[in-house]
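To find a chain, count down the sequence lines: A is the first, B the second, and so on, and within it residues start at 1.
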2 protein chains.
Amino acid sequence: MPPKQPITMDDIAALAKVSKPTVSRALSDSPLVNEQTKQHVLSVARKHGYAVNRNAQRLRHKNTNTIGVSIDFRSHRKNHISDPFIFELLAGVSEALGNLNQDLLLCAPNHNDTDSLQTIYSSRGADGFIFLGQGHRESMLNEFALTGAPMVVWGAPRENSPYCVVGSDNLLGGQMAAEYFLKQRRRNFLFVGDPSHCEIQRRRQGLHQAAEKSGKSAILEDVVLSDFSYESAFDAANKHLDQAKSPPDAIFAYSDTAAMAFIRVLVDRGLRVPEDVSVVGYNDIPAAAFFSPRITTVRQDTYQAGKLLVKKLMQILDNKKPRSGTIKTELVVRDT
Amino acid sequence: MPPKQPITMDDIAALAKVSKPTVSRALSDSPLVNEQTKQHVLSVARKHGYAVNRNAQRLRHKNTNTIGVSIDFRSHRKNHISDPFIFELLAGVSEALGNLNQDLLLCAPNHNDTDSLQTIYSSRGADGFIFLGQGHRESMLNEFALTGAPMVVWGAPRENSPYCVVGSDNLLGGQMAAEYFLKQRRRNFLFVGDPSHCEIQRRRQGLHQAAEKSGKSAILEDVVLSDFSYESAFDAANKHLDQAKSPPDAIFAYSDTAAMAFIRVLVDRGLRVPEDVSVVGYNDIPAAAFFSPRITTVRQDTYQAGKLLVKKLMQILDNKKPRSGTIKTELVVRDT
DNA sequence: ACATATTTTGAAATGCATTTCATATGAAAC
DNA sequence: GTTTCATATGAAATGCATTTCAAAATATGT
């Protein structure tokens with residue numbers, strides 16, 4: 001049974017026969033306290049399982065040691081995340097924050113508007129925020145940036161953004177997909193994704209730019225998706241292939257999830273992947289390597305991403321103004 | 001630019017020309033304050049964007065309104081979650097907590113030992129904990145339960161557990177898989193998973209019990225996995241099929257991820273799924289429905305799971321002692 | 001109009017740790 | 001043996017909101 005009356009610093013002070021400030025200094029490893037005293041206090045504290053009350057500490061320190069992490073639930077169905085990539089990212093961020101002893105406050109789907117986040121910030125629930133996914137909420141993010149709360153966003157880095165963005169080089173990702181297709185003499189390009197997402201828009205742009213620059217007249221078509229779920233991609237694939245005059249021979253999907261949905265539909269219709277249609281996804285989610293056929297994809301290093309997001313945010317908290325950053329972006333060829 | 005000097009309750013009191021306690025009462029919607037006064041105070045507070053300092057509030061209230069959520073990172077590779085199921089669960093919990101206005105503190109991989117969690121608890125970082133995945137850490141959980149911290153665990157419910165467990169009916173899940181196989185006249189059963197995980201052990205037990213009870217002499221074999229990753233399942237599949245005298249005609253995998261890895265290996269070896277080998281997975285992750293062939297799997301309702309986990313924990317926080325609970329467990333047949 | 005009950009309000013105490021500032025102790029310097 | 005300095009320690013103030021308790025204001029009853 002734990003002690004009913006929670007133990008406070010006063011108790012430890014009394015037990016160690018020193019004053020409260022001395023205990024405080026000992027616990028925070030201050031040089032202002034004698035080494036022996038420090039050890040003594042520490043041992044007493046340990047013996048009684050004492051841990052400083054974070055809330056009192058935070059009240060006094062005026063910081064929270066907490067970072068709010070907000071996920072773009074709106075881009076998913078029924079507020080349930082359907083793309084595992086975002087969780088890879090979360091794991092990376094979680095690890096990076098843990099290494100800095102920062103707490104991670106996960107902002108629930110119903111706390112994802114400017115007001116809620118602003119309240120969290122001004123009530124000292126978090127020192128800053130990391131947004132995973134710029135997606136459909138650019139205007140919300142712009143609005144939130146005006147509040148002056150420290151923030152970093154996973155998304156599409158670009159000039160003149162009112163906040164610091166970290167992301168893969170989406171333009172390059174699209175270009176690599178195009179080059180990959182061109183090398184295989186594909187001509188009938190289909191881009192799959194929702195271009196109203198700025199990250200996705202850039203991927204599409206990369207694909208188109210590279211295709212046009214090559215001089216080989218490729219056909220460029222789009223399938224616009226309404227959210228990030230398998231389901232939409234699946235439905236959209238069927239719909240598109242039903243009415244397409246000539247089926248594409250090269251599909252670049254904004255995510256592996258979408259790529260997998262398309263491949264499944266293609267195979268159901270008797271098309272061979274990659275022989276008839278070459279498909280490139282994005283993110284290199286774990287499933288991509290084990291899907292059959294294995295998916296060629298653009299990998300973003302989520303571990304590095306988490307680290308970089310956290311690093312930039314810490315810089316902002318130190319009153320620096322870091323520039324947006326790009327993480328390694330590489331094509332992982334698997335469908336040969 | 002936000003105000004440099006953060007605004008406090010005293011400021012609002014002065015601005016509204018009332019005393020601090022009145023402001024406090026108005027903001028907490030206390031009946032002890034006159035309705036007009038309340039509205040007036042509220043409007044002043046809103047006008048100045050005032051939000052109560054959570055840390056002061058929590059210090060006074062002696063509660064934190066925060067639940068720590070701990071994920072079993074050890075069961076995954078390199079501390080990176082490889083099975084999306086756990087995230088589905090996280091999303092469910094996040095939503096349920098959000099509905100109750102509870103903050104979700106995500107415990108990082110390096111804060112997952114008894115000491116760290118105990119420190120979080122006794123430093124008033126969280127009122128209670130939800131553990132997602134019992135897995136390999138039963139002894140840790142038993143140890144932690146002794147500290148008396150309120151906790152609920154996603155795992156295998158059973159009698160005499162020192163803590164409250166919520167989970168699917170793993171035994172039933174295994175039985176359903178067995179029945180499904182038997183109906184197809186399969187005889188050569190392979191169980192895939194790490195039986196030192198108690199959840200997984202029960203699934204295996206369900207499979208074996210039902211197989212034996214049927215009277216039809218089935219062959220029962222195991223492939224033991226070392227972690228939750230695709231990779232291990234993939235490697236294990238190859239290794240097993242290399243040395244198996246007769247390949248199994250029925251595989252029950254502890255997760256869809258593992259099922260997908262096995263299917264991939266089977267197909268690579270020219271075996272047909274489900275004609276030659278029937279495969280049943282677990283969890284019904286989104287990818288399962290879109291994998292080719294679609295995977296027959298045991299679905300656990302993560303939304304309900306999140307809700308139930310949170311509900312039980314709230315009961316514990318109210319000093320009740322809820323019994324362990326089971327969520328809906330059903331076979332989703334897809335490979336026909 | 002007066003006593004009593006009810007509703008509102010505010011002063012002060014409280015929760016717990018940190019920081020400032022002053023004091024005490026011991027060491028070094030003369 | 002006094003003065004000076006560095007080091008170590010503690011009393012009291014502080015951060016911000018909530019709660020207790022007493023006082024004030026208002027309403028009710030006769």
Side-chain angles (χ1 to χ4, degrees), chain A residues 3-42 44-45 48-66 119-127, chain B residues 3-42 44-45 48-66 119-127:
Chain A
K4 295 180 177 303
Q5 268 306 69
I7 199 163
T8 74
M9 197 173 270
D10 276 310
D11 300 327
I12 299 297
L15 288 163
K17 298 199 166 63
V18 294
S19 71
K20 197 159 47 146
T22 300
V23 176
S24 175
R25 292 195 262 257
L27 290 171
S28 61
D29 204 31
S30 157
L32 288 172
V33 65
N34 179 288
E35 188 57 32
Q36 280 181 32
T37 321
K38 185 185 291 183
Q39 291 309 327
H40 173 230
V41 169
L42 250 40
V44 171
H48 291 87
Y50 171 73
V52 177
N53 184 315
R54 294 157 117 89
N55 302 122
Q57 193 172 46
R58 288 171 177 178
L59 173 59
R60 197 69 237 275
H61 266 151
K62 298 187 165 202
N63 80 352
T64 72
N65 254 282
T66 301
T119 299
I120 291 175
Y121 182 61
S122 53
S123 71
R124 259 132 265 254
D127 295 328
Chain B
K4 294 178 178 303
Q5 267 305 68
I7 199 163
T8 74
M9 196 174 270
D10 276 309
D11 300 327
I12 299 296
L15 287 163
K17 297 199 164 68
V18 294
S19 71
K20 196 159 49 147
T22 300
V23 176
S24 175
R25 291 184 187 115
L27 290 171
S28 61
D29 203 33
S30 157
L32 287 172
V33 65
N34 180 288
E35 187 57 31
Q36 280 181 31
T37 321
K38 185 186 290 183
Q39 291 309 327
H40 173 230
V41 169
L42 250 37
V44 172
H48 295 268
Y50 171 73
V52 177
N53 183 315
R54 293 157 118 89
N55 301 123
Q57 194 172 45
R58 288 170 177 179
L59 172 59
R60 198 69 237 274
H61 267 147
K62 297 187 166 203
N63 80 352
T64 72
N65 254 282
T66 301
T119 299
I120 290 176
Y121 181 60
S122 53
S123 69
R124 258 132 268 254
D127 294 329

Can you see whether B/Ser123 engages A/Arg54 through a side-chain donor-acceptor pair at a distance of less than 3.5 angstrom? yes

Residue A/Thr37, side-chain heavy atoms: nucleotide from D/dA17, D/dT9, C/dA17 that is nearest: D/dT9

C/dA17, OP1 or OP2 - any side-chain N/O from A/Asn53 closer than 4.0 Å? no

Between D/dC16 and B/Gln57, is there an OP1 or OP2 to side-chain N/O distance shorter than 4.0 Å? no

So for B/Arg25 and C/dG10, does any side-chain atom that can act as donor or acceptor lie under 3.5 Å from a complementary atom in the base? yes

As a test of reading the structure: which of D/dA17, C/dG10, D/dG15 is closest to the side chain of B/Lys20, going by heavy atoms? D/dA17

If you define the side chain from C-beta out and look only at heavy atoms, does anything of A/Tyr50 sit under 4.5 Å from A/Leu27? yes

Should A/Val44 and A/His48 count as side-chain neighbours, where that means a heavy-atom distance under 4.5 Å? yes

Has B/Ser24 got a side-chain N or O lying under 4.0 Å from the OP1 or OP2 atom of D/dT19? no

Between CG on residue B/Asn53 and OG1 on residue B/Thr8, distance to nearest 0.5 Å: 9.5 Å

At 4.0 Å (heavy atoms only), tell me whether A/Leu27 reaches a base, stays on the sugar-phosphate, or touches nothing. nothing

Nearest-nucleotide pick for A/Thr8, side chain only, options being C/dG10, C/dA17, D/dA11: C/dA17

If the cut-off is 4.0 Å, is B/Lys62 near the phosphate of C/dC16, judged by side-chain N/O to OP1 or OP2? yes

To 10°, what angle do the rotation axes through the five end pairs on each side of the helix from C/dA1-D/dT30 to C/dC30-D/dG1 form? 40°

Closest to side chain of A/Ser19, choosing from C/dG10, D/dT9, D/dT18: D/dT9

For C/dA17, take OP1 and OP2 only and decide whether either is under 4.0 Å from a side-chain N or O of A/Tyr50. yes

